[in-house]
Amino acid sequence: MKKSIFTLILMAVIGCVSAQSLQFEWEGTVFDEGEIIECTNDEYGFGELIQHMYVRNNTQEPMRVLIEKEIVQDLEGVMNTFCWGMCFGPDVFVSPDANEVPAGDINTDELSFHALYNEDVYGDVIIKYYAYEERTPEQRVSIVVRFRKSGVGVAENVANFGHAYPNPASSVVHFDYELSASNTVSVSVYNLLGQEVLNQNLNSLQGQVTISVADLNEGIYFCNLVVNGRAVKTEKFVVKK
């Protein structure tokens, strides 16, 4: 009986130590297991909230780490993605490949968590993220990110910015638009990494903007309608060839 109790205690201690072999941190702040982080960082100004993160390996051996997400609270009109070396769409819940985190160090591959809000959508999206060594998925650490976009209303000088067509697109993609006032207006196209890949000025209050995507790689893109330097509408489209 004593041996059994000792074994249980030893297993619990080992499990606790193993759970601390990885930790989430960012800019010198170490996050406790299950800690809630509030993210309001609209880094590019078009409704995509981004929480950057590091994973630290506290062991003396390199670890091959997977990232997993669990949606706690979702909102219609919000698309959540994450990047772990490369970026994955909303339907990916576990990174397909593990990335190596050096012994006693943080990841060199990008790790970031994203929530892209439609222009008229506000509120909280809550997602729990896990990190674990690919051979021992039961020994994991987690944090919770609460993405929060506050505000009401829409840009009053935009009467309409239509959905992309065709979608998916292979050579060109079109958007119909209508403005209620004369402004400096352009469209900017970003990839999932938040990098601007195209920019085009608009010279009239209404019409159709046609964007060539022939030189873009296959994947998901976001087209922003930019009025007086501020992104006021965002539409998603897919390039598939």
> So, the side chain of D42 versus the backbone of L49: is there a donor-acceptor pair under 3.5 Å, distance only?
Replying inline: no
> So, R140 and E133, do they make that salt bridge, N to O below 4.0 Å?
Replying inline: no
> Do other residues, nucleotides or ligands put more than 12 heavy atoms under 6.0 Å from the CZ atom of F31?
Replying inline: yes
>> Measuring from atom NE2 of H163 to atom CZ of F237, what distance do you get when rounded to the nearest 0.5 angstrom?
In response: 14.5 Å
> When the aromatic ring centroids of Y117 and Y122 are compared, is their separation below 6.0 Å?
Replying inline: no
>> Keeping E33 on the side-chain end and S142 on the backbone end, is there a donor-acceptor pair under 3.5 Å?
In response: yes
> Who pairs with F24 by ring-ring contact (aromatic ring centres under 6.0 Å, His included), at least two apart in sequence or on another chain?
Replying inline: none
>> Take a 6.0 Å sphere around CD of E138 and say whether it holds more than 12 heavy atoms from other residues, nucleotides or ligands.
In response: yes
> Can you list the steps and then say if V141 with Y132 is a side-chain contact (heavy atoms from CB on, under 4.5 Å)?
Replying inline: CA-CA 7 Å; V141 292; Y132 51 86; over 6 Å; no
> Distance only, no hydrogens: is a donor on one side chain within 3.5 Å (strictly under) of an acceptor on the other, for Y177 and S204?
Replying inline: yes
> Are the side chains of V55 and I67 in touch, meaning some heavy atoms are under 4.5 Å apart?
Replying inline: yes
>> One pair to check against side-chain contact (heavy atoms from CB on, under 4.5 Å): N80 and I71. What are the steps and the verdict?
In response: CA-CA 9 Å; N80 70 81; I71 298 176; 3.6 Å; yes
> Are any side-chain N or O atoms of K149 and backbone N or O atoms of V121, one a donor and one an acceptor, separated by less than 3.5 Å?
Replying inline: yes
> Would you say the side chains of N58 and S21 form a donor-acceptor pair under 3.5 Å?
Replying inline: no
>> Measuring from atom SG of C83 to atom CG of L111, what distance do you get when rounded to the nearest 0.5 angstrom?
In response: 8.5 Å
> What's the shortest heavy-atom distance between V187 and C223, and which atoms?
Replying inline: CB-SG, 4.0 Å
> To the nearest 0.5 Å, how far apart are CG in N107 and CD in E25?
Replying inline: 9.0 Å
> For Y165 and D176, does a side-chain donor sit closer than 3.5 Å to a side-chain acceptor?
Replying inline: yes
> Does some side-chain heavy atom of L202 sit less than 4.5 Å from a side-chain heavy atom of S186?
Replying inline: no
> Within a strict 4.5 Å, meaning less than it, do heavy atoms of the V101 and P62 side chains meet?
Replying inline: no
> Which heavy-atom pair separates E235 from G162 by the least distance, and what is that distance?
Replying inline: CG-O, 3.6 Å
>> So which atom in D97 and which in W84 form the shortest heavy-atom distance, rounded to 0.1 Å?
In response: O-CD1, 4.1 Å
> Would L225 and L179 satisfy side-chain contact (heavy atoms from CB on, under 4.5 Å), going step by step from the backbone distance to the final call?
Replying inline: CA-CA 11 Å; L225 182 66; L179 305 176; 4.2 Å; yes
> Could you walk me through whether N224 and S188 pass the side-chain hydrogen bond (donor to acceptor under 3.5 Å, both in side chains) check?
Replying inline: CA-CA 5 Å; N224 298 330; S188 297; 5.8 Å; no
> For the atom pair CD1 (I126) and CD (E70), what is the distance rounded to the nearest 0.5 Å?
Replying inline: 11.5 Å
>> Can you classify the ring geometry of Y129 versus F82 as parallel (below 30°), tilted (30 to 60°) or perpendicular (above 60°)?
In response: perpendicular
>> Starting from V209, can I reach L205 by hopping between I/L/V/M/F/W/Y residues whose side chains sit under 4.5 Å apart?
In response: yes
> Judged by atom type as modelled, is there a donor-acceptor pair below 3.5 Å linking the side chain of N167 to the main-chain atoms of V238?
Replying inline: yes
>> Within this structure, what is the SG-CZ distance for the pair C39 and F113, rounded to the nearest 0.5 Å?
In response: 10.5 Å
> Should N57 and T59 be marked as a side-chain contact (heavy atoms from CB on, under 4.5 Å) after you check the CA-CA gap, both sets of side-chain angles, and the distance that decides it?
Replying inline: CA-CA 6 Å; N57 174 5; T59 74; 2.7 Å; yes
> Can you hop from L22 to V30 via hydrophobic side chains spaced under 4.5 Å?
Replying inline: no
> Quick check: are there more than 12 heavy atoms from other residues, nucleotides or ligands sitting under 6.0 Å from CD of Q208?
Replying inline: yes
>> According to a hydrophobic-cluster definition based on side-chain heavy atoms being under 4.5 Å apart (Ile, Leu, Val, Met, Phe, Trp, Tyr only), do V144 and M53 belong together?
In response: no
>> Quick check: is V72 connected to Y130 through a chain of hydrophobic side chains (ILVMFWY, heavy atoms under 4.5 Å apart)?
In response: no
> How close do I211 and L198 get, heavy atom to heavy atom, and via which atoms?
Replying inline: CG2-CD1, 3.4 Å
>> Working to the nearest 0.5 angstrom, can you tell me the gap between K69 NZ and S95 OG?
In response: 11.5 Å
>> Could you report the tightest heavy-atom contact between I37 and Q51, atom names first, then the distance?
In response: CG2-OE1, 3.5 Å
> So if you build clusters from Ile, Leu, Val, Met, Phe, Trp, Tyr with side-chain heavy-atom gaps below 4.5 Å, do V65 and W26 land together?
Replying inline: yes
> Got a salt bridge between K241 and E218, using NZ or NE/NH1/NH2 to carboxylate O under 4.0 Å?
Replying inline: no
>> For the backbone of V189 and the side chain of E196, can you confirm whether one donor and one acceptor N or O come within less than 3.5 Å of each other?
In response: no
>> To check you understand the geometry: which heavy-atom pair defines the closest contact between S112 and H52, and what is its length?
In response: CB-ND1, 3.8 Å
